[in-house]
There are 2 protein chains.
Amino acid sequence: MTDITNVIDDYIAAWNEPADDRRRALVARTFSEDADYLDPLVQGAGTDGIAAMIGAVQQQYADHRFELVAAPDAHHDRVRFAWELRSPAGAHVATGIDFATLAGDGRLRSVTGFLELPA
Amino acid sequence: MTDITNVIDDYIAAWNEPADDRRRALVARTFSEDADYLDPLVQGAGTDGIAAMIGAVQQQYADHRFELVAAPDAHHDRVRFAWELRSPAGAHVATGIDFATLAGDGRLRSVTGFLELPA
């Protein structure tokens, strides 16, 4: 059983990891094998699908960083958390709210992202 | 296919409906037959289970009102929205963030509630 705080930290680390092999390892540690991800812009399924999806997003936001805004809020097998995307200069680009369900071993089973663009 | 704004309006109306038969009718219009609801405090499944769950919550918050805070945010078959619970005098009691997946006909299939208690 994996602690949810560690899972979400590794999830954010995966979004920030430029090396394909290390990113895939983080995705494998964070998501169950049958996991899926869906937000308004992109989607992916399975370890390889999600790792490739993150890599494609990184291509669009070179050298940007994802940061967790606050500790995740969890109950039962559900969790929500917020993150920010920052430019290389530190400017706020977007805020996201992710909602996820957990697999029996505590990894992410299904993640839905919502986006709040800057006003 | 049901419009998501109407579904969420009916969902809030169900939480505010004290009459068992009218509340059950609102739940049937809002949720698919195999739907489930889960928040940190209560859970329910199916039309009758969810209608009874809401009735039990109403017993604890007599004459309180649920109000939608902002228009729902939806993409694909996913939606999120926020509501507030107000006392009969209008005082803010709690804020909730609900996340839901939709059935094929546009009704709610699975709702997860998170609570933000006043600071």
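Every chain is numbered from 1, with letters handed out A, B, ... down the list of sequences. A quick note: this is a predicted structure, and the numbers were derived from the prediction, not measured.
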Flag yes if A:L108 and A:L26 sit in one hydrophobic cluster, no otherwise; membership is Ile, Leu, Val, Met, Phe, Trp, Tyr, and two members link when side-chain heavy atoms are under 4.5 Å apart.
no

A:A82: which residues meet the side chain to side chain contact (heavy atoms under 4.5 Å, CB included) condition with it, sequence neighbours left out?
A:V69, A:I97

Taking 3.5 Å as the threshold, show me the donor-acceptor pairs across chain B and chain A, one per line with distances to 0.1 Å.
| residue | atom | partner | partner atom | Å |
| --- | --- | --- | --- | --- |
| B:H75 | NE2 | A:G113 | O | 2.7 |
| B:R78 | NH1 | A:T112 | OG1 | 2.5 |
| B:T112 | OG1 | A:R78 | NH1 | 2.5 |
| B:G113 | O | A:H75 | NE2 | 2.7 |

Hydrophobic cluster membership, B:L102 vs B:L38, 4.5 Å side-chain cutoff
no

Taking the inter-plane angle between the rings of B:F99 and A:F99 on a 0 to 90° scale, is it parallel (under 30°), tilted (30 to 60°) or perpendicular (over 60°)?
parallel

Side-chain heavy atoms nearer than 4.5 Å, only ILVMFWY residues, links allowed to pass through others: does that put A:M53 and A:F114 together?
no

